[in-house]
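Following: one structure in structure tokens, then a few remarks.
Heavy atoms only: backbone and side chains are in, while hydrogens, waters and symmetry mates are out. Proteins come first, then strands; the chains are lettered A, B, ... in the order of their sequence lines, and each starts at number 1.
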Amino acid sequence: MTATSATPDAPAAREALAAWYAVNGRHDLPWRQIRDPYAVLVSEVMLQQTQVERVLPYYRAWLERWPTFDALAAAAPADVITAWRGLGYNRRALALRAAARAVVERHGGSFPWEPQELLALPGVGPYTAAALRAFVRDEPVAVLDTNIARVVTRFVLGAPSHREVPAAPLHAAAAALVPPAGARDHNLALMDLGALVCTARNPDCGGCPLAPACAWRAAGCPPPEASARRPAVRFEATARFARGRLVDRLRSGPADEAELAAILPESHRPRLAEYLAALEAEGLVAQIGAGAWALPA
DNA sequence: AATGCGGGGTC
DNA sequence: GACCCAGCATT
């Protein structure tokens, strides 16, 4: 034990965490019942910035319709975009399909576990790459999603929110907690603790197995800094709102620009061509004729 | 380092 | 209304 150790007693913390997790963990989540990299990738991409409860029905339906990388690689973009309806961030649907095509075509159907190859898959960033390696193969890596980042920030660094601390110390602190064996359950336990107990608002410190050694609690649970945010814009006034409306309209079939303009609030109509051009460049819509648009076949 | 990207839920 | 959510890609 060195004086500079970020975590004074990682084994003790892990033991308390594991006992809590055995009783309180979300062990029944469907993507925790399977080790198939395809199924886990589907879950992780769907879960990017999207709550667990909302993902559940989409995950089941997606795996039933496209059960393998091969099946998804052969799917039409229009079909995956339509199946994504309601999940948000539609580009994720295309990324998932593109990742499937990469696995099938670039890697011959064998999943690329090398970090470089993993991170090269569309839609796979640092979080998802670590999640795949820990959850599918139990590799001893630190998974750093918003839940685990918050738990580690509070427990080790003593700050209320990971949005207020630099990434490098946070990642180092998370890595220092990872056990040499059993990283899958360790990361899942931290994730569940963040989702169920050490929540962003109103954390239940009374029910937290890490509370006795928590640096944030020792500091008196200081509240987060009031963030100096730029003036809020109504969601209905954003391009994201208009883009979402446009893609959703095309899910039910082709439309011409007059009809597309009609479904937008007046304030957005002057920018219709701009929205369509951007969506087309991203592969989310396709022009099928003079002023006629559809989802890409 | 900042910004865009959806949509729904909560307080 | 502000904040949050199993982030990623781009600039």
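Remark: A:His27 engages A:Tyr21 in a ring pair (Phe, Tyr, Trp, His ring centres under 6.0 Å) (not counting sequence neighbours).
Judged by atom type and distance alone, A:Arg243 does not reach the base of B:dG6 through any side-chain donor-acceptor pair under 3.5 Å. You'll find a donor-acceptor pair under 3.5 Å spanning the side chain of A:Tyr89 and the base of B:dG6, going by distance alone. Judged by atom type and distance alone, A:Arg92 does not reach the base of C:dA9 through any side-chain donor-acceptor pair under 3.5 Å. On a pure distance criterion of 3.5 Å, a polar donor-acceptor pair joins the side chain of A:Gln51 and the base of C:dC5. For a distance-only test at 3.5 Å, the side chain of A:Thr50 qualifies as a donor-acceptor partner of the base of B:dG6. Put simply, the side chain of A:Arg240 and the base of B:dG6 share a donor and an acceptor less than 3.5 Å apart.
Atom CD in A:Glu236 sits roughly 12 Å away from atom C1' in B:dG8 (whole-Å rounding). If you take CE of A:Met46 and P of B:dG8, they are 16 Å apart, rounded to a whole angstrom. Residue A:Leu119 contributes atom CG, which lies 13 Å from atom C1' of C:dG7 at whole-angstrom precision. Protein atom CZ of A:Arg85 is 15 Å distant from nucleotide atom C1' of B:dG8, rounded to whole Å. As a whole-Å value, the separation of A:Gln49 CD from C:dC3 P is 15 Å. At whole-Å resolution of the value, CG in A:Asn202 and P in C:dC4 are 12 Å apart. One atom, CZ of A:Arg201, and another, P of C:dC5, lie 8 Å apart when rounded to the nearest Å. Between the CG atom of A:Leu56 and the P atom of C:dC5 there is a distance of 18 Å, rounded to whole Å.
Considering only the side chain of A:Arg163, C:dC5 comes nearest among B:dT10, C:dC5, C:dC8. Listed candidates were C:dA6, B:dG4, C:dG1. Nearest to the side chain of A:Arg234 is C:dG1. Comparing B:dC5, B:dG8, C:dA6 by their nearest atom to the side chain of A:Leu29 picks out C:dA6. Of the candidate nucleotides C:dC5, C:dA6, C:dA2, C:dC5 has the atom nearest to the side chain of A:Ala200. In this structure, of B:dG6, C:dG7, B:dG9, it is C:dG7 that holds the atom nearest to the side chain of A:Gln48. Checked against C:dC8, B:dC5, C:dA6, the side chain of A:Pro126 finds its nearest nucleotide in C:dC8.
Scanning all heavy atoms of the two residues, the minimum distance from A:Val40 to A:Ser43 falls at O-OG, 2.7 Å. Between A:Arg150 and A:Cys198 the shortest heavy-atom distance is NE-O, 2.7 Å.
Both A:Val124 and A:Asp192 lie near DNA chain C, and the one whose nearest nucleotide falls closer to the 5' end is A:Asp192.
Here A:Gly125 lies in heavy-atom contact (under 4.0 Å) with sugar-phosphate atoms only. When heavy atoms are screened at a 4.0 angstrom cut-off, A:Trp31 is found touching base atoms of the nucleic acid. A:Thr128 comes within contact range of the sugar-phosphate backbone alone, with a heavy-atom separation under 4.0 Å but no base atom that close.
Not one N or O on the side chain of A:Asp256 forms a donor-acceptor pair closer than 3.5 Å with the backbone of A:Ala292. Panel note: side chain A:Arg133, backbone A:Glu139; no donor-acceptor pair is recorded below 3.5 Å.
Residue A:Leu94 is not grouped with residue A:Ile288 when hydrophobic side chains (ILVMFWY) are merged at heavy-atom distances under 4.5 angstrom, including chains of intermediate members.
Separation of the P atoms belonging to C:dA6 and B:dT3 is 24 Å when rounded to the nearest angstrom.
The stretch residues 130-152 of chain A does not touch DNA chain B, since none of its heavy atoms comes less than 4.0 Å from the strand.
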Just do the salt bridge (charged side-chain N to carboxylate O under 4.0 Å, His left out) check on A:Arg32 and A:Asp192 with the steps written out, would you? CA-CA 12 Å; A:Arg32 295 189 184 180; A:Asp192 283 1; 2.7 Å; yes
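Residues A:His171 and A:Val152 have side chains not in contact (no heavy-atom distance under 4.5 Å, counting atoms from C-beta outward).
Using cut-offs of 30° and 60° for the angle between ring planes, the A:His268 and A:Phe241 rings count as tilted.
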